[in-house]
Structures are given as C-alpha cells and as structure tokens.
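What follows is one structure encoded as structure tokens, with my remarks underneath.
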Amino acid sequence: MDRKKMVYKFGGGSAEGDRAMKQLLGGKGANLAEMSSIGLPIPPGFTISTEVCQYYSKHKGDWPEGLEEQVQEAIHHIEDLMDLEFGDSSNPLLVSVRSGAAQSMPGMMDTVLNLGLNDKSVQGLAAKTDNERFAFDCYRRFIDMFGGVVMQVPHEEFEEAIQGLKDEKSVELDTELGVEDMKELVDRYKAVYRKSTGHMFPQNPSEQLHYAINAVFGSWDSNRAIKYRRINKITGLLGTAVNVQAMVYGNMGDDCATGVCFTRNPSDGTNELYGEFLINAQGEDVVAGIRTPRNINELKEVMSDTYHELREITHKLERHYQDMQDIEFTIQQGKLFILQTRNGKRTGKAAVKIAIDMVDEVILKKDKAVENLVQPNHLDQLLHPQLDESSVKEEEILGKGLPASPGAAVGKVVFDSETAEEMKAEGESVILVRIETSPEDVGGMSASEGILTSRGGMTSHAAVVARGWGKPCVAGCGDIIINYENQIFTNGKVTVHAGDWISIDGAQGMVINGKKEVEPPKFDDNYHTFMKWVDTFRDMDVRTNADTPEDAAKAREYGAQGIGLARTEHMFFGDERIKAMRRMIISESEEERRSALEALLPYQKQDFIEIFEAMEGLPVTVRLLDPPLHEFLPDEDEEIAALAEDLGIKEADLKRKIRLLSEFNPMLGHRGCRLGITYPEITEMQARAILEAAVEIKKQGKEVQPEIMIPLVGTSEEFIHERHVIDEIAEKVFEEAEETVEFKVGTMIEIPRAAIVADKIASEAEFFSFGTNDLTQMTFGYSRDDAGKFLELYLNEGILKHDPFQVLDEEGVGSLVRMAVEKGHSVKPDLKMGICGEHGGDPSSVAFCYSLGLNYVSCSPYRVPVARLAAAQARLRSESTASSTRGEDKKSGELVS
Ligand code: PEP
Ligand code: MG
C-alpha cells in the first residue's frame with residue numbers, strides 16, 4: 001500500500017492524470033490534469049485521489065501510509081515550477097486547497113485559500129508584491145477561512161472584528177482600511193481564533209496543509225453534502241478528491257482581476273462569452289455576490305490582450321471538451337491563469353440551443369449532441385409552465401431582478417428553508433425569499449416552487465443551483481428589501497408578508513404580487529429539431545399512460561407512439577356513469593348486474609372510440625377494471641342516503657352492502673382480474689365496448705390496434721379464464737358487426753408470482769406490461785398509500801438510496817423484471833414487453849428497461865419527451881461503452897481494505 005499512488009501532480013504543460021480519471025481525481029482534478037496537458041496556463045498543483053477520501057472516512061480521519069511523503073514531494077514539484085518555497089520568508093509559496101468529487105456539488109464542500117501564510121511568509125509576500133496591505137489582507141482572510149473551515153470558528157466572529165475596526169475608524173468599506181489596519185486585523189483575527197479554539201493559530205505551513213486536507217475530506221460527510229447528494233440522486237462515488245494548487249492573485253492591483261465565465265449564455269444558449277469579473281479582487285468576491293461584478297465584455301475595454309487570450313482559450317476548451325464550459329480565471333499582474341473549467345450548468349432552453357449550434361459549428365456530431373448535451377431534466381424544464389404576460393399589470397410588478405433560471409412559479413412567501421420544507425410537506429406551494437442563499441438552504445430551495453433573492457449575480461449560489469434543478473429563480477432583485485425579523489419584504493410601496501402569494505418569472509427576472517395564472521410552455525424550432533435527432537437514435541418505443549382522448553392527443557403531440565396503459569376505472573366517474581356503476585356494484589344478482597352494465601356500455605364504447613381516434617394507427621392498451629369495487633361507493637352518511645334514495649333501496653341495506661364490500665387490505669383484496677373472474681359480466685361488458693369501438697373505427701376506414709390487458713394476474717389459470725371470456729365476446733361482436741379487428745390480449749406483470757411463473761403466463765399471453773407500481777409495492781411489502789410515513793426517514797438514513805416508487809429498484813424489483821423478461825422470451829422470443837408503472841418516465845429506470853430489451857416504456861404525457869431522450873441516450877451510451885473503453889477509469893484497485 002505504501003507504494004500506491006495517491007497523489008497526482010499537474011502543471012508546467014504536463015500531468016499525471018487525464019479527464020478519463022474522473023472517478024479517481026474528481027471532476028476538478030481530472031480537468032486540471034487535462035487542461036495542463038493541453039497546454040493551458042494553469043497554476044501548478046496536485047490532486048489527492050478520492051480513494052484516499054474513502055480511506056479517510058473509513059479509518060476515522062487517519063491518513064494511509066505514504067500519503068504524507070507523497071504530499072511533500074508534490075509540494076516540492078509546485079515549488080520548483082513556481083520558483084517559490086513553502087513557508088519561505090522572502091519567496092513564499094501559497095496554495096489553495098479545494099474539494100472536487102466526480103460529480104459537481106457546487107458549494108457543498110470546503111475550500112481554503114492563501115494557505116502557507118504565517119508571520120514570516122506574510123513579510124515575504126509583502127516584499128515580493130511591494131504591497132504590504134495586500135499581504136496582510138491575504139493573511140487575515142486566510143485566518144478567517146482556515147478558522148471557519150478547519151476549526152469551525154463562526155465566521156460572524158471575524159465579521160464582528162472587522163466591523164468593530166471599521167466603526168472605530170469611521171469607515172464603511174473594507175477597501176478604506178489601510179496597512180496598519182490590516183496588521184491590526186491579523187492580530188484581532190488571531191485572538192478570535194485563539195479564543196474560539198483554545199490554541200494559537202498554526203504557523204507551520206505543512207501542519208496547516210494537513211489540517212486543511214482533513215477538513216476537505218471531512219466535508220464529504222457533512223450533513224449538507226449528504227443532503228445535496230440525496231436530493232440530486234448522486235450515488236456510488238468514493239468521496240471527494242483534494243486539489244492543492246499554487247495561489248495566483250487577482251487582488252494585487254489594478255492590473256489584476258478575477259472572474260467566472262461561461263463559454264455560452266447558460267440562460268438562453270446564445271453563443272457569446274457570458275460572465276462577470278472584478279478588478280483587483282479574489283475569486284470568492286465574485287461568487288459571493290458581495291461586490292457587484294462587471295460584465296465580462298467590459299474586460300475587452302480594460303485588458304484587451306488578456307480578453308482575446310481568454311476568448312481563444314474558451315474556443316479551444318469547447319472544441320476539446322465538446323461542451324459549453326464554465327470557467328474560473330484570474331489575471332495576476334496582466335498574466336492570465338485558468339483556475340478551473342467544467343461543463344457548465346444551463347437551462348433546458350440553453351441546452352437544446354447549444355446542442356443544435358455546436359453541431360452546426362462542427363464541434364461535435366449529432367449522436368454526441370444527443371448523448372451528452374441535453375439531459376432529461378432539461379426537457380422537463382421546457383415543459384414548465386410560463387406566466388401569461390398579458391395577465392400581469394404594471395402596478396403588480398414588485399420588482400425586477402436577474403433572470404437567473406426560467407419558468408414561472410407561484411407560491412406563498414417563506415423566508416427560511418425550514419418553513420419551506422415544512423409547508424411543502426403539508427402540500428403548500430412556496431417561494432423561498434432570501435437576501436442570498438447558501439448551501440445550507442438547499443433543502444428549502446428544493447422544497448420551493450421558485451427562489452427569489454435580493455442580492456447576488458447570475459453566478460450566485462441561488463442562480464447556479466436553481467438553474468441546475470430547472471427551478472424558476474429571480475436573483476439579485478435590488479428593488480426589494482427583505483426583513484427576516486419582521487417576516488416581510490417591501491419595494492418601498494408594497495409590503496409582502498410571509499404567507500402572501502407572489503409569482504415569479506425566472507425568464508424575465510420579474511417578481512409579481514399575487515397568484516398569477518400560468519400557461520403551458522411553447523416549444524421553439526430548436527426543440528423540434530433536437531427531438532427529431534433524438535428519435536433517429538432511439539430504438540425503444542415510448543408510449544403514454546392516458547385515460548382520456550385529451551391526454552392521448554397531448555401525449556401524441558409530445559411524440560407518444562401509442563398508449564401503454566389506459567386505466568378504465570377513471571371512466572366510471574361523472575353523474576350518470578357513477579350511478580350505473582354503483583347500481584352494478586350493489587346488485588344482488590347477475591341479472592341486476594348485467595342490466596347496470598348495459599347502461600355503462602355506451603359510455604365506455606364512446607370513450608374508446610375517441611381514444612382510438614386520437615391514437616389512430618398506433619397501439620392502444622386498455623386495461624380491464626382494476627381497483628376494489630368499494631372505491632366507487634360513497635362513505636359519507638349524506639351521500640349514502642342520497643344514493644339509497646336514487647337507487648330505490650333502504651339506506652340500512654345499502655350500508656350493509658357497503659360494509660360487506662369493505663376490506664382490511666384492499667390493495668391485496670378483491671381487485672384486478674379477481675373482479676373479472678368473480679363477475680365475468682364486467683369483463684364481457686368492457687371487452688365488448690373495446691371491440692365494438694374498434695370495429696366502428698375500422699369501418700370508418702381508420703387503423704386501430706387494440707390491446708386488452710388483464711390486471712393483477714398471478715397465475716396462468718387466471719389469465720386463461722379471463723382470456724376465454726374475452727375471446728367469446730370477440731366472436732360475438734365480430735359476428736354481429738360482420739367485421740373483424742385484430743387485437744391482442746396480454747397481461748400486466750405486477751405480482752411477484754407472475755414474474756416467477758412468467759414462462760407459463762407467456763405461453764398464453766400476447767404481451768407483458770410491467771406494472772412496477774404494484775410490483776414495487778408487493779416486492780418490498782410497502783403499501784403504496786402508506787409508505788410516505790417512513791420513506792423520508794429511510795432516505796435520510798440511507799436505508800434506501802431512492803424512493804423505489806420513483807426510481808426502479810434494480811437490485812430487487814429489477815431482478816424480478818429481468819427474470820420475467822428472460823422467462824417470457826424463453827417461451828416466445830418475440831413476446832412484446834413494456835413497462836407502464838411510474839418508472840416508465842424516470843430516466844435511469846428507462847435506461848434499465850432498455851438494458852433488458854423491453855420494446856417500450858409508457859409514462860404520463862408530460863414525461864414523454866423526457867422518456868424519448870432517455871431512451872435515445874440509453875442506446876447511444878450502451879453503444880459508446882461497447883465500442884470504446886475511453887470512458888473507463890484507469891483505476892488501480894481499491895485503497896480501502
Ligand atoms: C402498476 O401497478 O404499475 C400500474 C401501472 O397500475 P396501477 O398504478 O394502476 O396499479
Ligand atoms: Mg397496478
């Protein structure tokens with residue numbers, strides 16, 4: 001183990017890693033290595049691998065043997081390249097220490113800057129830069145950051161110290177403090193540190209580095225990082241890497257600057273340099289939103305050569321990474337340094353435009369654009385509702401801020417994350433209103449419909465996180481003043497209280513008083529072009545779950561290739577229908593039941609005609625009645641009395657009947673095919689309605705492909721029984737109509753037993769549709785209706801990685817699906833199979849279905865575009881993996897023993 005490589009050096013035009021080593025070096029580390037090898041001007045440094053973080057977590061903060069030596073050696077490497085010395089009194093090397101996992105977790109983990117400063121080296125820095133004020137400013141910033149990150153000294157205590165000095169000096173801004181003030185601040189900060197930690201501020205740079213590395217590793221397991229990973233479904237990572245890199249300074253004078261930029265506009269995708277910079281400032285000044293940064297285009301005017309060099313680098317990076325980049329840079333005394341680059345987060349609209357443009361600009365091919373440049377959640381965003389602008393009156397506008405993340409959101413004002421989470425849990429819609437957000441707020445941000453901040457830029461925490469999640473956000477709305485104590489915000493004219501309704505438009509940066517109407521999204525040409533590309537790379541069908549002609553038409557507009565599940569029970573509601581349905585349910589004899597069903601037949605038939613028309617030419621799977629019958633009966637006394645009168649029976653008799661129908665465990669009771677088997681006349685009526693409708697459509701010269709699906713089958717005998725009833729009806733219907741229609745009869749696989757005996761069922765059935773809602777319920781033994789009581793805790797405790805009702809549990813439920821697919825295909829190699837549980841619209845579950853060779857996934861209409869993209873990406877990714885090993889990590893075995 002002591003010979004094992006744990007530290008990877010970069011800088012000076014070469015590196016010991018590359019971008020394929022993301023799992024091991026983290027995204028940032030892998031990118032730094034890659035940037036160094038392609039010759040970009042980056043400050044030299046080294047990366048400690050994620051395996052070490054895993055070791056650190058597992059061994060309660062111990063370092064693996066040999067790490068200390070490798071870190072020392074890597075420090076010498078930086079010293080050589082920068083011609084500086086760690087801790088030196090005349091030529092000191094200062095470093096930054098940053099986290100960086102394989103997946104981006106913005107602001108979740110810790111960073112320490114200016115490490116290496118002490119009472120001696122601060123003099124060296126002052127002499128070297130001929131700027132004593134700057135050196136002591138760095139020193140006091142370092143004590144603050146090190147104290148906070150490494151020793152948990154509250155930041156406010158340092159803030160109080162600086163505010164105290166400013167008050168004594170009667171100045172307002174930090175910049176008004178002189179050299180002596182900075183020296184005084186260093187002393188006061190050291191005192192704060194000593195008081196809070198009980199010991200002196202460490203002077204040995206190697207010791208400082210050791211502690212800082214520990215702090216970064218430790219922050220991987222912080223509550224906020226764990227929460228962020230859970231919300232963003234980030235799993236399977238070893239830990240964070242630690243990147244130690246030579247410091248360069250953007251605050252050494254007016255020929256210095258620091259900034260962040262995107263190579264394209266992340267809000268709408270326009271091909272322009274987009275970002276912000278500050279002259280004479282440190283990086284965190286830009287991101288923290290404390291000083292208002294300048295538009296990146298103004299850099300052209302103040303540092304023209306550097307601007308052009310930066311532009312050249314952005315082009316080079318885009319071509320190299322084949323993606324839009326998010327770059328941090330620093331200009332130190334006229335020299336440009338790139339600090340980091342990563343694929344930039346963007347809105348759905350921008351993602352689609354960038355994909356189209358980059359293909360046009362021959363940066364990459366269509367297949368790669370579809371595979372990598374647009375994520376399923378981007379399309380989800382495009383499906384977000386928009387504000388109906390014409391409904392907004394001028395006087396209702398409370399203020400304008402930055403259009404940080406598009407989409408309209410409407411909700412009640414809350415001023416803190418905890419309340420947001422609580423109100424969300426109670427089913428309320430909320431808008432989180434904060435002066436600015438911090439990583440502590442992610443829970444509340446996630447619970448909110450939208451986010452409004454009064455401070456911060458387009459790259460502020462609120463803006464970056466909201467864009468990533470596709471949540472509407474208006475940032476930096478300086479028109480409003482927020483008062484947390486009184487739980488209000490005001491624009492000077494109107495005061496809005498906690499609990500009042502507001503609306504925000506994240507595309508316009510608009511904040512509106514009251515609850516506004518929102519309208520469905522409009523798709524632009526880029527969207528349609530992109531979706532056409534998606535479909536050329538997709539070989540798994542996407543159908544929809546739709547019970548009404550309107551939903552069917554909407555889903556078809558979104559690209560659905562048929563209906564995978566039409567639940568017929570919803571069709572029995574509505575005045576006349578429910579009456580007939582109830583009459584059928586409480587019938588004492590088959591005759592009575594048949595007469596009630598006869599009344600229902602024309603309704604059902606008309607429904608099917610309309611659905612078949614909406615889906616003309618495409619398959620439509622209609623599921624026979626599934627829920628327990630008592631769900632259709634009233635439970636309130638008044639309603640029962642009214643129904644009894646309606647039906648001409650005694651109230652007491654009706655109550656008795658309802659009591660008889662009620663079940664202890666309805667989900668496992670008299671439902672699904674059990675209804676059709678006990679009352680075959682129900683199956684007969686439904687089969688007749690479906691087939692008569694189909695015949696009628698055919699007679700109109702239209703193509704119809706009915707598929708009748710039997711729910712909740714657990715034995716092949718159940719299936720055979722139901723199929724027999726359907727076939728007999730089909731014969732009658734076709735004879736009466738003197739016309740036939742081709743139809744299929746298949747089943748849902750949603751009971752574990754059905755998966756186990758899938759080969760037997762397959763010899764009878766013509767298709768399988770995996771009902772993964774029930775299959776999950778019955779495999780886990782978690783009631784679909786009651787699991788909410790403990791699922792949250794299970795997720796928080798890590799007992800479950802995902803809610804299994806949203807993301808298919810591949811290990812358990814997925815194994816049953818796989819078994820059923822294999823057994824089904826062993827009997828009928830061409831047996832058509834799909835999925836119609838909620839998982840059909842979840843991208844990772846879609847990828848799993850693709851890997852099993854399912855013919856289609858079926859999901860709600862609004863998820864159809866998402867599922868189309870997920871299906872195309874599943875295919876492209878499986879082909880990429882098969883044809884190349886480029887994406888695989890060059891890992892050299894686990895460090896954790
Ligand atoms: C299922 O169980 O997955 C399914 C689609 O049916 P339902 O949700 O109606 O039970
Ligand atoms: Mg079901």
Side-chain angles (χ1 to χ4, degrees), residues 542-548 551-552 555 560 562-573 619-632 663 665-676 682 686 707-714 718-719 722 746-755 758 761 765 767-788 803-810 812-814 816-817 820-821 832-842 845-846 848-849 852 854-861 863-864 867:
V542 175
R543 295 197 196 178
T544 191
N545 293 355
D547 316 335
T548 64
D551 279 358
I563 290 184
L565 173 63
R567 291 176 166 103
T568 48
E569 49 269 22
H570 299 155
M571 298 169 182
F572 295 114
F573 289 93
V620 174
T621 307
V622 180
R623 181 180 72 185
L624 302 181
L625 194 64
D626 182 25
L629 293 181
H630 72 86
E631 279 192 12
F632 297 94
E663 294 173 302
N665 204 337
M667 270 292 176
L668 301 177
H670 195 186
R671 61 171 284 220
C673 64
R674 299 156 205 172
L675 290 174
I682 298 178
Q686 290 203 294
E707 298 178 343
I708 300 175
M709 180 153 77
I710 303 169
L712 227 68
V713 160
E718 283 173 324
F719 182 85
E722 283 286 82
T747 183
M748 296 190 72
I749 302 287
E750 54 183 343
I751 287 184
R753 191 183 192 282
I761 297 175
F767 63 87
F768 279 178
S769 178
F770 290 94
T772 44
N773 301 335
D774 270 309
L775 193 59
T776 299
Q777 166 170 262
M778 295 189 217
T779 304
F780 274 94
Y782 296 167
S783 156
R784 287 161 69 169
D785 303 317
D786 304 316
D803 174 349
F805 291 105
Q806 283 177 28
V807 178
L808 189 75
D809 157 51
E810 291 181 20
V813 180
L816 283 172
V817 176
V821 169
K832 193 151 74 162
M833 298 193 196
I835 179 176
C836 64
E838 285 308 300
H839 309 90
D842 167 67
S845 312
V846 170
F848 179 69
C849 293
L852 296 183
L854 296 196
N855 302 88
Y856 67 86
V857 294
S858 188
C859 55
S860 76
R863 298 296 290 173
V864 167

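One-based numbering, in listed order, for ligands and for the atoms of each. In what follows, residues are counted from 1 in the order of the sequence shown.
Between Phe770 and Val821 there is a side-chain heavy-atom pair separated by less than 4.5 Å.
Listed by chain and number, the protein N, O or S atoms at a distance under 2.8 Å from the Mg ion (ligand 2) are Glu750 OE1, Asp774 OD2.
Taking CG from Asp809 and OG1 from Thr779, the interatomic distance works out to 8.0 Å, rounded to the nearest 0.5 Å.
Protein residues with a heavy atom under 4.0 Å from ligand 1 are Leu565, Arg567, Arg623, Asp626, Arg671, Met748, Glu750, Gly771, Thr772, Asn773, Asp774, Arg784, Cys836, Gly837.
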Assess whether side chain to side chain contact (heavy atoms under 4.5 Å, CB included) is satisfied between Met778 and Met667, documenting all intermediate values. CA-CA 10 Å; Met778 295 189 217; Met667 270 292 176; over 6 Å; no
Begin with the C-alpha distance, continue with both residues' side-chain angles, and end with the deciding distance and a verdict on salt bridge (Lys or Arg N to Asp or Glu O under 4.0 Å) for Arg671 and Glu631. CA-CA 10 Å; Arg671 61 171 284 220; Glu631 279 192 12; over 6 Å; no
Applying side chain to side chain contact (heavy atoms under 4.5 Å, CB included), run through His839 and Val857 and close with a yes or a no. CA-CA 9 Å; His839 309 90; Val857 294; over 6 Å; no
Please test Arg543 against Thr621 for side chain to side chain donor-acceptor pair (under 3.5 Å), starting from the C-alpha separation and ending with a verdict. CA-CA 10 Å; Arg543 295 197 196 178; Thr621 307; 3.0 Å; yes
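Taking the six-membered ring where the residue is Trp, Phe572 and Phe632 present perpendicular rings, their angle passing 60° and hence far from 30°.
The backbone N or O of Leu712 lies less than 3.5 Å from a partner atom in the side chain of Glu750, making a donor-acceptor pair.
By the 4.0 Å N-to-carboxylate-O rule, Arg863 lies too far from Asp842 to be salt-bridged with it.
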